[in-house]
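Notes follow the structure.
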Amino acid sequence: MTKIETCLFDLDGVIVDTAVYHYKAWKRLANDLGFDFTEQQNEKLKGISRARSLELILEWGGVEKTELERAELATRKNQWYVDMINNMQPDEILPGTEDFLKALKAGGYKIGLGSASKNSGAILQKVGLKSYFDAVVDGNVVTTSKPDPEVFLKGAELLGVDPAACVVFEDAIAGVAAAKAGGMKVVGIGEPAVLTGADLVVSGLDQMDIHKLKALES
Ligand code: G6P
Ligand code: MG
């Protein structure tokens with residue numbers, strides 16, 4: 001049996017609901033470029049890096065851009081996104097998050113963040129959760145995106161724990177796959193029919209407790 005020592009959390013869709021802000025900013029960009037961008041398409045961008053998201057959106061819109069133009073478009077989208085997250089309030093933390101983080105701290109678990117977002121640090125700071133995290137690994141320090149396990153393996157390494165002693169909390173299919181590829185346990189946040197690779201699926205962190213976490217030890 002491997003004892004669980006560490007919890008690694010994805011950010012967007014697990015701790016805070018920022019998908020709506022990503023959606024608004026991408027939609028504005030797509031509309032400026034002359035095509036639409038739907039919520040269904042936005043779903044497919046969960047866990048996907050900014051640069052790759054833009055490539056997909058341009059593909060869906062049938063628009064080609066040079067690398068330089070793509071860099072400018074990604075920056076423009078991010079400025080709109082940052083303007084929106086700058087107005088985020090602590091009440092935009094998803095239900096149950098802080099209670100669960102407190103329970104983990106009290107139980108002696110290590111806590112890490114594993115997100116594709118380059119805005120992770122700013123968001124954690126903004127909503128007042130930064131102090132719970134012993135390590136933050138985000139889009140600024142990884143070279144490969146989920147489903148590659150790099151983001152979670154780096155987290156385990158920084159925290160000095162074996163991947164098998166880690167549980168990852170993820171809302172994206174790519175993130176669940178990344179955790180599994182890293183040899184970790186995964187709790188999916190969302191629908192069991194969608195997050196089929198997860199060891200357990202709950203609707204949100206408000207459905208988690210230490211007992212359910214320990215039940216994942218095997
Ligand atoms: C998360 C979100 C994605 C987003 C990515 C990069 O994984 O689920 O939708 O594209 O982070 O975010 P960033 O804040 O760096 O643009
Ligand atoms: Mg996510």
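Each ligand, and each atom within it, is numbered from 1 in the order the structure gives.
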Can you sort out which atoms of ligand 1 are near K46, meaning under 4.0 Å from one of its heavy atoms?
-> 8 (O)

Strictly under 2.8 Å, is any N, O or S atom of E170 next to the Mg ion (ligand 2)?
-> no

min-distance protein heavy atom vs atom 8 (O) of ligand 1 -> G47 N, 2.8 Å

Of all the heavy atoms in G139, does at least one lie under 4.0 Å from an atom in ligand 1?
-> no

So F100 and F9, would you call those rings parallel, tilted or perpendicular, with 30° and 60° as cut-offs?
-> perpendicular

About how large, to 10 degrees, is the angle OD2 of D10, then the Mg ion (ligand 2), then OD1 of D171?
-> 90°

Only one of V201, V176, V167, V14 passes side-chain contact (heavy atoms from CB on, under 4.5 Å) with V187, and that residue is V167

Salt bridge flag under 4.0 Å for residues E157 and K154 = no

Can you tell me if CD on E72 sees more than 12 non-hydrogen neighbours from other groups inside 6.0 Å?
-> yes

Could you check if a side-chain atom of L205 sits within less than 4.5 angstrom of a side-chain atom of P95, using non-hydrogen atoms only?
-> no

Please identify which atoms of ligand 1 are closer than 4.0 Å to at least one heavy atom of S53.
-> 10 (O)

Between K118 and ligand 1, which part of the residue brings a heavy atom under 4.0 Å of the ligand: side chain, backbone, both or neither?
-> both

Out of G175, A74, S117, A174, whose heavy atom is nearest to atom 12 (O) of ligand 1?
-> S117

Which protein heavy atom lies closest to atom 16 (O) of ligand 1, and at what distance to 0.1 Å?
-> R50 NE, 2.8 Å

When every non-hydrogen atom of V127 is compared with those of M88, the smallest separation belongs to CG1-CE, 4.1 Å

Which protein heavy atom lies closest to atom 10 (O) of ligand 1, and at what distance to 0.1 Å?
-> I48 O, 2.6 Å

Give a yes/no verdict on a cation-pi contact between K77 and W26, requiring under 6.0 Å between NZ or CZ and the six-membered ring centre and an angle within 45° of the axis.
-> yes

Got T2 and E217 here, is their nearest side-chain heavy-atom distance under 4.5 Å?
-> no

Quick one: do the N78 and N119 side chains pair a donor with an acceptor below 3.5 Å?
-> yes

Aromatic plane relationship, H22 with Y81 - under 30° parallel, 30 to 60° tilted, over 60° perpendicular = parallel

Would you mind running through ligand 1 and noting each atom that sits below 4.0 Å from a heavy atom of L45?
-> 3 (C), 9 (O)

For atom 2 (C) of ligand 1, the protein heavy atom that lies nearest, with its residue and separation = D12 OD2, 3.5 Å

What atoms in ligand 1 come closer than 4.0 Å to a heavy atom of N119?
-> 13 (P), 14 (O)

Within less than 4.0 angstrom of ligand 1, does S115 place any heavy atom?
-> no

Note: D10, heavy atoms under 4.0 Å from ligand 1, region reported as neither

